[in-house]
There are 2 protein chains.
Amino acid sequence: MNKKQALKIYRDQNEKIAAYGLMLATAGFDRMTIAPIGGASYRNRMLSIIQGELFELETDKDYVQAILTLSEMDLGEVGNRDISLAKKSLEDVLKFTKEETMEYSYALMNAYDAWYKAKTSENYEIFRPHLMKLIEMTKYRAKKRDAKKDPYDLLLDDFEEGMNRKKYDEFFSLIRKELLPLIRKIDKKKGYIDDSFLYKYYPAEKQALFMKDAMKYLGFSSDWGYMGTTEHPFTSGFSKNDVRVTTNYDEHNVTAAIYSLIHECGHAFYEHQVDAKYEKYPHIRNMSSGMHESQSRFFENYLGRRRSFFVKLYPRLQELFPENLGNVSLDDFIKAANVSKCSLIRTDADELTYPVHILIRYELEKEIFSGKADLDKLDQLWDEKYEKYLGIKAQKPSDGILQDVHWSEAYIGYFPTYALGSAIGAQLFHKMKEDLDVDALLEKGQFKKITDYLHKNVQHDGALYTFEQIVKRATGEDFDPHYYIDYLKEKYKALYNIK
Amino acid sequence: MNKKQALKIYRDQNEKIAAYGLMLATAGFDRMTIAPIGGASYRNRMLSIIQGELFELETDKDYVQAILTLSEMDLGEVGNRDISLAKKSLEDVLKFTKEETMEYSYALMNAYDAWYKAKTSENYEIFRPHLMKLIEMTKYRAKKRDAKKDPYDLLLDDFEEGMNRKKYDEFFSLIRKELLPLIRKIDKKKGYIDDSFLYKYYPAEKQALFMKDAMKYLGFSSDWGYMGTTEHPFTSGFSKNDVRVTTNYDEHNVTAAIYSLIHECGHAFYEHQVDAKYEKYPHIRNMSSGMHESQSRFFENYLGRRRSFFVKLYPRLQELFPENLGNVSLDDFIKAANVSKCSLIRTDADELTYPVHILIRYELEKEIFSGKADLDKLDQLWDEKYEKYLGIKAQKPSDGILQDVHWSEAYIGYFPTYALGSAIGAQLFHKMKEDLDVDALLEKGQFKKITDYLHKNVQHDGALYTFEQIVKRATGEDFDPHYYIDYLKEKYKALYNIK
């Protein structure tokens with residue numbers, strides 16, 4: 001097989017694989033948003049058949065040979081990176097039989113359905129057996145993929161190339177050492193900032209009207225994006241010009257949906273702004289979790305929680321909810337939107353306590369893999385960690401172990417990228433503020449200048465580089481979590497008037 | 001290949017084909033409801049790849065052999081019917097290459113997108129080249145499938161087994177002869193019934209609230225069904241317990257969405273009420289268009305336009321729109337909902353003029369195939385027919401040739417089943433009234449007794465029988481369109497006090 005032949009096989013087969021990928025993405029989005037539960041068992045069985053078909057394509061003899069052939073050749077920077085990622089993924093796929101692959105995908109879909117049912121009916125027992133099965137399968141699969149490597153290290157690297165327990169241990173010990181003391185101090189100043197007006201009654205329909213304006217402000221267009229609702233908000237990039245975000249309205253918390261949606265829009269812009277030229281390089285379009293979170297939390301926090309971000313938007317919010325916000329100034333609204341408190345729900349957490357929610361999940365996952373955790377008591381372990389670090393305890397499972405969707409999808413090793421992403425975002429934001437007058441742009445509603453900056457400096461090359469390379473290219477410096485720590489300490493000390 | 005082997009191959013392959021079918025149904029529903037237009041070109045290309053994959057499955061050597069083998073054997077009533085339909089469909093598929101199949105599906109998707117764009121921008125020119133191409137392809141394909149058979153007869157039989165021009169000519173000449181004179185008489189009594197209150201301002205959100213109650217009344221459950229919105233309302237049965245209906249709100253016509261939704265629910269119940277035992281017989285689950293329309297129009301008209309149907313529902317409608325309906329009695333509302341007038345939009349047409357809308361399309365389709373129609377002037381021909389039969393002319397293309405989605409999907413030969421279905425429905429309704437006290441059940445809100453009756457007498461066997469057989473089994477008589485004619489004449493003469 002020569003280079004030309006190998007390239008043709010590789011590209012033709014990739015296009016087919018992409019077609020299956022789009023089908024599965026569409027079906028996945030459908031089942032997580034609107035599909036009737038009655039059709040789940042038939043649907044999940046059919047979807048696992050398609051997973052089996054996809055397995056056949058991914059392990060096709062000629063395709064495998066093409067990847068191996070190309071991996072020995074010089075295809076230029078983009079081609080080399082794409083093939084090296086293709087080869088890595090191939091090696092993993094080949095470790096399993098078609099039956100195992102179908103069984104795994106079937107188990108995942110059933111676990112998601114069970115999680116949804118368990119969460120909405122406040123009954124962990126519905127989800128427990130599925131979670132246990134997924135943990136077992138995840139351990140089995142990790143071992144089968146690389147018996148020599150620590151399985152949790154393998155998973156951490158899956159979600160963020162180059163990361164492992166050692167690096168995350170260092171990162172989280174910094175969080176523990178630098179942020180926990182500040183969190184405790186602020187906890188003692190409970191009530192220092194009034195945020196009670198955020199929790200009045202805010203009808204979902206009116207929130208939805210505000211979202212329309214907020215999306216417009218961000219430049220999210222229905223030409224290339226769609227917004228739906230779901231139990232656990234997420235973003236799904238079907239293609240460059242078809243990106244779906246979802247949200248979920250809490251009628252007694254006006255900022256919950258706002259920040260969740262701004263967050264998802266950060267993901268959406270990343271998916272949308274990767275250069276079209278990479279369509280032929282599927283693995284370049286596959287951005288890492290940490291980088292993705294750096295962009296979503298960039299939108300949500302580094303931009304979305306600034307006063308300047310709301311200069312254009314706040315009047316609209318007041319207009320929609322005059323009885324709740326008519327007498328609340330923009331300054332007071334922003335202060336309230338930045339209140340730090342020890343709370344139970346990760347997705348609603350403020351910037352300062354957020355990494356502690358991740359630390360808890362990271363410790364639990366490590367203990368699951370080390371064997372230290374008693375899996376029968378995982379829900380209790382969850383609650384104990386919250387008590388230890390944040391001094392509070394869930395009164396119902398939807399506030400505890402059932403709050404997040406991720407474990408139901410076997411996204412184990414994924415949570416740490418949320419905190420890592422926040423840290424990457426802080427460093428990128430520090431540089432952006434040197435390059436642009438961010439507040440002036442936000443106040444003038446010139447959000448496009450900001451998304452253009454992100455496109456040019458961070459997003460357009462997709463996964464051509466690792467997160468460490470992207471940070472270096474964008475800022476000229478190595479990744480350094482102290483930007484994150486310093487940002488949080490400075491911001492919250494000022495907000496709470498702490499020396 | 002013995003019977004056991006053949007059956008195993010047939011069933012295993014059918015399950016795979018069903019998985020692809022579900023994927024394509026999901027993607028189709030997605031593109032017609034929420035998918036951003038920016039992703040269309042990528043999406044359509046990917047979907048046509050999947051169509052190509054499906055073609056490979058449907059023409060697989062062993063599968064073909066299995067069907068041929070089984071078609072020579074006795075598999076019992078259900079098996080024989082299923083295989084005979086499978087063989088018929090196989091013979092058609094085999095007439096085309098994979099490339100032709102992919103090209104055709106790609107053309108269909110692009111035509112739909114163009115139709116949508118043309119309709120929403122009132123520009124027929126956007127759609128014209130696509131329509132011309134589809135007509136050409138449809139002619140080519142019909143000829144290739146059976147060079148000896150008249151191509152339009154072939155299409156008519158596709159959508160309703162056993163039908164052809166001769167039978168439809170008779171049917172429509174009955175419509176022409178029996179109904180046109182009555183339509184003319186009623187046209188002269190314009191304003192005899194006041195229906196102006198139906199066209200006041202009815203906000204979509206409030207209409208949606210009414211729909212929730214109407215769906216509940218009908219017994220449409222979110223456990224097995226979902227309701228979305230779209231440009232042209234339709235129903236898509238993904239599986240027995242996953243049926244999707246869509247609707248579209250006109251804020252200046254309160255009954256438009258109501259009757260459209262009741263109509264779609266008729267389709268939905270048919271999809272839902274086919275017995276689960278036919279899951280293994282894919283062709284039995286594939287109900288004919290005329291039978292489907294008999295059920296949708298059964299809900300919409302024979303039930304939905306009765307006074308008794310609204311006894312439970314009308315108070316809710318008044319409650320939601322007190323300013324428009326507070327002083328309108330149920331009797332006056334029902335009279336208004338049954339007003340007959342010569343209008344431009346088929347889907348909003350009353351029962352009496354409805355078949356004339358179909359007659360117009362039937363004549364146009366015949367002329368397209370006979371060569372009599374000047375295809376360059378198809379939009380003008382459309383308008384001329386409306387002027388000839390209904391005395392009115394569209395002022396914009398969305399009221400004329402662009403109003404219906406069907407030709408953009410190459411559903412040519414499909415429209416006649418709408419009128420045929422109405423006639424089938426009338427006969428089934430006549431029998432149901434002999435068996436049940438329909439009005440008493442509706443007034444008491446016991447809609448389930450009606451859907452149970454339809455399940456038992458009409459729906460549960462799916463496409464095991466032809467429409468003629470189903471009518472015979474349900475009523476004990478041969479299909480007879482005079483039930484339809486008599487129903488309409490009697491109803492409208494009484495309503496308009498015509499001797």
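All chains are named by letter (A, B, ...) in the order of the sequence lines, taking the proteins before the strands, and each is independently numbered beginning at 1.
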Colleague: For chain B, which of A:Glu205, A:Met227, A:Lys16 has the most heavy-atom pairs under 4.5 Å?
Modeller: A:Lys16
Colleague: Under a 4.5 Å heavy-atom cutoff, which of B:Ile49, B:Asp223, B:Ile34 has the most pairs with chain A?
Modeller: B:Ile34
Colleague: Under 4.5 Å from any heavy atom of chain A, what part of B:Tyr20 do you find: side chain, backbone, both or neither?
Modeller: both
Colleague: A quick test of your reading: do over 12 heavy atoms of other residues, nucleotides or ligands sit less than 6.0 Å from OH of A:Tyr249?
Modeller: yes
Colleague: Between atom OH of A:Tyr226 and atom CG of B:Asp30, what is the distance when rounded to the nearest 0.5 Å?
Modeller: 9.0 Å
Colleague: What are the two closest non-hydrogen atoms of A:Phe238 and B:Tyr42, and how far apart are they?
Modeller: O-CE2, 4.1 Å
Colleague: Quick one, A:Met46 with B:Thr26, criterion side chain to side chain contact (heavy atoms under 4.5 Å, CB included). Give me CA distance, side-chain angles, the key distance, then yes/no.
Modeller: CA-CA 12 Å; A:Met46 293 297 114; B:Thr26 308; over 6 Å; no
Colleague: Heavy-atom count check: over 12 atoms from other residues, nucleotides or ligands less than 6.0 Å from A:Lys212 NZ?
Modeller: no
Colleague: How close do B:Arg43 and A:Asp242 get, counting heavy atoms only, and between which atoms?
Modeller: NH1-OD2, 2.6 Å
Colleague: For A:Lys206, does the NZ atom have more than 12 heavy-atom neighbours from other residues, nucleotides or ligands under 6.0 Å away?
Modeller: yes
Colleague: Among A:Ser222, A:Gly38, A:Gly225, A:Gly52, who wins on heavy-atom pairs under 4.5 Å with chain B?
Modeller: A:Gly38
Colleague: For A:Ile37, is it the side chain, the backbone, both or neither that has a heavy atom under 4.5 Å from a heavy atom of chain B?
Modeller: both
Colleague: Give the member of B:Gly39, B:Ala19, B:Pro36, B:Ser239 that has the highest number of heavy-atom pairs under 4.5 Å with chain A.
Modeller: B:Pro36
Colleague: Taking atom NZ as the centre, does B:Lys216 end up with more than 12 heavy-atom neighbours from other residues, nucleotides or ligands that are less than 6.0 angstrom away?
Modeller: no
Colleague: What option among B:Leu24, B:Ile50, B:Val243 has the most heavy-atom pairs under 4.5 Å with chain A?
Modeller: B:Ile50
Colleague: Is B:Glu279 salt-bridged to A:Arg45, going by a charged N under 4.0 Å from an acidic O?
Modeller: yes
Colleague: Return yes when atom CZ of B:Phe234 has more than 12 non-hydrogen atoms of other residues, nucleotides or ligands closer than 6.0 Å, and no otherwise.
Modeller: yes
Colleague: With B:His292, which residues qualify under ring pair (Phe, Tyr, Trp, His ring centres under 6.0 Å), at least two apart?
Modeller: B:His267, B:Tyr270
